[in-house]
There are 2 protein chains.
Amino acid sequence: MSRVVYGRLMSVDRTQVLRAAAALLSRKATATMDEVARAAGIGRATLHRHFAGRDALVRALEQLGIEETEAALEAARIEEGPADEAVRRLVPALQPVAPLLSFLVTENQLFEGDGQNEGWARLDARLVALFRRGQEEGAFRIDLTPAWLCEALYGLIGSGAWAVADGRVAANDFSYMITELLLGGARRSVEK
Amino acid sequence: MSRVVYGRLMSVDRTQVLRAAAALLSRKATATMDEVARAAGIGRATLHRHFAGRDALVRALEQLGIEETEAALEAARIEEGPADEAVRRLVPALQPVAPLLSFLVTENQLFEGDGQNEGWARLDARLVALFRRGQEEGAFRIDLTPAWLCEALYGLIGSGAWAVADGRVAANDFSYMITELLLGGARRSVEK
DNA sequence: TCCACGTGAGACATAAATGTCTCGCGTGGT
DNA sequence: ACCACGCGAGACATTTATGTCTCACGTGGA
């Protein structure tokens, strides 16, 4: 496990540590700092030098998750084109972030204080706007609120990530299963 | 806060304690035994007398959740009638258990050991059978696997419980939002 | 009235994770 | 070759949750 040159000499790559932490905590949310350090291939003291404590680590993961999710929204250009097509682009773009995202949404500690990250509100606003746009375009039904569709998307992303990690769904089917269920539902439609 | 007579003298109602614990842990999964005891209105020592430790408490909650979920499957008679109608009966029947269920599914500790409760397998089998039956009846599409539909149902139940607890969805809309999305999806169908 | 029993409160010990510190080492730059 | 810097390992103190115990109290039954 080689490390990337950071500044002038060999040092820990912060992002790489965060990715390892995300991978571990997605599977075991109660993992200790020691386990996180070992999973990242660094010493516990070093982990502490970079993140003042467990809380700081979770906050950093939150920031990373928000940034990568926003990057996925950008990559999927969700503000462009028909809303249903935007959703079809969005879900696969979110797949790499899905485990981290499902960890963060269950970390309710992040949402109860008064200093909650405004990134969630930004994400929610864009997703809600997407679903509302779909309704205005006549593509989405209006009896399901945009807020609920947004929440359901999070839930399905989490379920999908879990099902893939558990081997009940193939990674290649992740996007299809989520997109088709979210857009078309389970009922067999007559026009198909 | 009166207690129910249990046996010969006034004592703690185990089920009532479990319900209080479920209500608290659904909102704050990392609540301590002391917080659980206070939420149940009993002393910490008494909580310990009834449940040997935190693990035993979680196991008891697991058992309760499984039993109530199975009771919901019974009440909804999911093996009878058309599959889509069975789903429409099932979701509202699951609503009271939804918070507890969403807590349990995120408690991954329950699923990694070798002594996992066989109740989950029973539940999965019945739900998978329900979705498979729907496919065989021609009511459900066959490109979404029953296992995925089962997983998605869990996810939507969890999202719904969370959205209701957070005030983003009215409790009265819980069943409708979940059922309609699961069965019909977000897309506006031409026949409606 | 008296007794038995479960409870609440609190003291106490234990376990485990956290946070801090020191020190030796090796890399990479000078 | 030398030096500066960050890292790993480990010791240590602290904090927090857990688990156990004792004891006084009050209810409910005899």
Side-chain angles (χ1 to χ4, degrees), chain A residues 1-62 103 106-110 112-113, chain B residues 1-62 103 106-110 112-113:
Chain A
M1 176 178 315
S2 69
R3 302 201 197 107
V4 174
V5 172
Y6 181 82
R8 290 187 312 171
L9 44 81
M10 189 178 266
S11 94
V12 167
D13 180 3
R14 178 185 163 99
T15 299
Q16 188 171 330
V17 171
L18 282 177
R19 293 195 182 285
L24 175 59
L25 290 172
S26 301
R27 285 179 288 112
K28 185 180 178 183
T30 60
T32 68
M33 294 291 275
D34 190 73
E35 291 174 294
V36 171
R38 290 182 189 282
I42 64 176
R44 196 168 65 94
T46 306
L47 179 61
H48 241 93
R49 283 187 199 106
H50 285 263
F51 306 98
R54 187 192 179 75
D55 191 69
L57 175 63
V58 173
R59 294 289 170 180
L61 283 172
E62 178 185 39
F103 161 70
T106 63
E107 202 71 1
N108 35 25
Q109 161 207 11
L110 297 174
E112 51 189 16
Chain B
M1 175 175 327
S2 68
R3 301 202 196 106
V4 174
V5 172
Y6 181 82
R8 291 187 313 173
L9 44 81
M10 189 178 267
S11 93
V12 168
D13 180 2
R14 178 188 163 98
T15 300
Q16 188 170 330
V17 172
L18 282 177
R19 293 196 182 283
L24 174 60
L25 291 172
S26 300
R27 285 179 288 109
K28 184 180 178 183
T30 61
T32 69
M33 293 292 275
D34 189 74
E35 291 174 293
V36 171
R38 290 181 188 283
I42 64 175
R44 194 167 66 94
T46 304
L47 180 61
H48 247 90
R49 283 186 200 106
H50 286 263
F51 306 98
R54 187 192 180 74
D55 190 69
L57 176 62
V58 173
R59 294 289 171 179
L61 283 172
E62 178 185 38
F103 161 70
T106 63
E107 201 73 359
N108 35 27
Q109 160 207 10
L110 297 174
E112 51 188 15

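Letters go in sequence order (proteins before strands), and every chain restarts at 1.
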- Message: How would you summarise protein contacts on nucleotides 15-20 of chain D per nucleotide, using B for base, S for sugar-phosphate only and - for none, with heavy-atom distances below 4.0 Å?
- Response: --SBBB
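- Between B:Val58 and B:Glu62, every side-chain heavy-atom pair lies at or beyond the 4.5 Å cut-off.
- For A:His50, a side-chain nitrogen or oxygen approaches OP1 or OP2 of D:dC7 to under 4.0 Å.
- For the pair A:Leu110/A:Arg59, a side-chain contact is recorded, criterion being any heavy-atom separation below 4.5 Å from C-beta on.
- How far CG of B:Leu24 is from CZ of B:Arg27: 5.5 Å, rounded to the nearest 0.5 Å.
- Nucleotide C:dC21 holds its P atom 12 Å from the CZ atom of A:Arg49, rounded to whole Å.
- A:His50 is not listed as a side-chain neighbour of A:Val17, based on a closest heavy-atom distance of 4.5 Å or more.
- A salt bridge is absent between A:Glu35 and A:Arg38; no separation between the charged side-chain nitrogens and carboxylate oxygens falls under 4.0 Å.
- In this structure, A:Arg38 places its CZ atom 12 Å from P of C:dA17, rounding to the nearest Å.
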